Undergrad: 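Take this structure, written in structure tokens, and hold onto it; I'll ask about it next.
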Amino acid sequence: MAFRCQRDSYAREFTTTVVSCRPAELQTEGSNGKKVLSGFHVVLEDTLLFPEGGGQPDDRGTINDISVLRVTRRREQADHFTQTPLDPGSQVLVRVDWERRFDHMQQHSGQHLITAVADHLFKLKTTSWELGRFWSAIELDTPSMTTEQVAAIEQSVNEKIRDRLPVNVRELSLDDPEVEQVRGRGLPDDHAGPVRVVSIKGVDSNMCCGTHVSNLSDLQVIKILGTEKGKKNKTNLIFLAGNRVLKWMERSHGTEKALTALLKCGAEDHVEAVKKLQNSTKILQKNNLNLLRDLAVHIAHSLRNSPDWGGVVVLHRVAEVLEGKGAGKKGRFQGKATKMSRRTEVQALLQDYITTRSTKE
């Protein structure tokens, strides 16, 4: 069974009926660590909220203005986690968080397009993908990619976006011969009902349960940010689609403006300006170190020649008593202490050591 969100990914609200409501718990993880929430799993006759699956995260939204915090698939049903119960048999209005949904549609359809083009141009097979919070990654079955390959893929996918190619969704029975011709990584073990096929006209047909745009023009643009080493003999292709490209450009432009103000030069000179600052910093650090060494030698000589010289001078001390760490080398000792409140005790120990040593000599 396909949910309403799969039959019409652009629908933003609709009315349905509550089938069941049972107590449940949801484990969350945030900045304050893991937390278990008590609530309910609500099952509806149909749902506008996509349950996680196919590499796509679940939707967020409301049921009668009650927040839905998680949506998961349970065979042919979807469990909606809420912290307020809903009466079975009651009519409810379901609304989807459209900004989150449309973002997922753009990234998921973008992944299908990049996967198909990478396969067509360079026989690079997709083995998995991740729709992340800020960017998405496609895992390709190759140990590396050239800059030219990445550029060719980006150029081709954006040409197809400008061609306004339609994206269609069909349902095929399991015994339909066409199923064997459709790209996919296999059906889940608990799959039931027809096979859902998402097709980009003249480009790709792929088994998929996710939500998608109806035309590539809704992707607006795709930007490939680069590649990174993946699992053994795999390469991850990092990309943004649609509104994420605009947000990325906004952040980058903000950073560029800030650097222009700080460096007092145009954006085209930022790199050279930073390199000069780095070189100047290295020189200053080296000069500072030399001055500190000269100062240390001068202080040591002054203390040695002082009439108050008694064998021990307290400037810095690192020892077990001070809960410090350090090491000696070539007559010098460097370290860090965390319990300076015991300096008097350390000084007494050192004075006792000097006195005892002098007596023995």
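What you see is a predicted model; the values in this text were computed from it and never measured.
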Undergrad: Inspect the contact between Glu52 and Arg73 and indicate whether a charged nitrogen and a carboxylate oxygen are less than 4.0 angstrom apart.
TA: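 Between Glu52 and Arg73 there is no salt bridge, as every charged N stays at least 4.0 Å from the carboxylate O atoms.
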Undergrad: Determine whether the side chains of His212 and Ser9 contain a donor N or O and an acceptor N or O closer than 3.5 Å.
TA: no
Undergrad: Ring centroids only, cut at 6.0 angstrom: are His80 and His41 within range, meaning strictly under it?
TA: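 Ring-ring flag for His80/His41: false, centres at least 6.0 Å apart.
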Undergrad: Taking the side chain as everything from C-beta on, heavy atoms only, tell me whether Lys34 gets closer than 4.5 Å to Thr28.
TA: no
Undergrad: For Arg4 and Leu48, work out which heavy atoms get closest and say how close.
TA: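 The pair with the smallest heavy-atom distance is CG-CD1, 3.7 Å.
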Undergrad: Quick one about Gln111 and Thr115 (side-chain donor to acceptor, distance below 3.5 Å, no hydrogens or angles considered), yes or no?
TA: yes
Undergrad: With clusters defined by side-chain heavy atoms of hydrophobic residues (ILVMFWY) lying less than 4.5 Å apart, directly or transitively, does Leu140 cluster with Val203?
TA: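 They do share one cluster, since a chain of ILVMFWY contacts under 4.5 Å joins Val203 to Leu140.
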Undergrad: Is any side-chain heavy atom of Ser156 closer than 4.5 Å to one of Val117?
TA: yes
Undergrad: Is any side-chain heavy atom of Val19 closer than 4.5 Å to a side-chain heavy atom of Leu44?
TA: no
Undergrad: Side chains of Gln107 and Asp103: is there a donor and an acceptor less than 3.5 Å apart?
TA: yes
Undergrad: Less than 4.5 Å apart, any side-chain heavy atom of Arg100 and any of Asp58?
TA: yes
Undergrad: Does Lys234 have more than 12 heavy atoms from other residues, nucleotides or ligands lying within 6.0 Å of its NZ?
TA: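 Enclosed.
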Undergrad: Would you check if there is a donor-acceptor pair between the side chains of Thr15 and Gln91 at a distance under 3.5 Å?
TA: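 Side-chain D/A pair, Gln91 to Thr15: absent.
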Undergrad: Can you confirm whether the side chains of Glu159 and Gln155 place a donor and an acceptor under 3.5 Å from each other?
TA: yes
Undergrad: What I'd like to find out is whether the side chain of Arg196 reaches to under 4.5 Å of the side chain of Val169, using heavy atoms alone.
TA: yes
Undergrad: Does the plane of the ring in His108 sit parallel, tilted or perpendicular to the ring in His112? Use 30° and 60° as the thresholds.
TA: perpendicular
Undergrad: Just by distance, with hydrogens left out, do Ser38 and Gln83 show a side-chain donor and acceptor under 3.5 Å apart?
TA: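 Their side chains do not contain a donor-acceptor pair, so the 3.5 Å distance test is not met.
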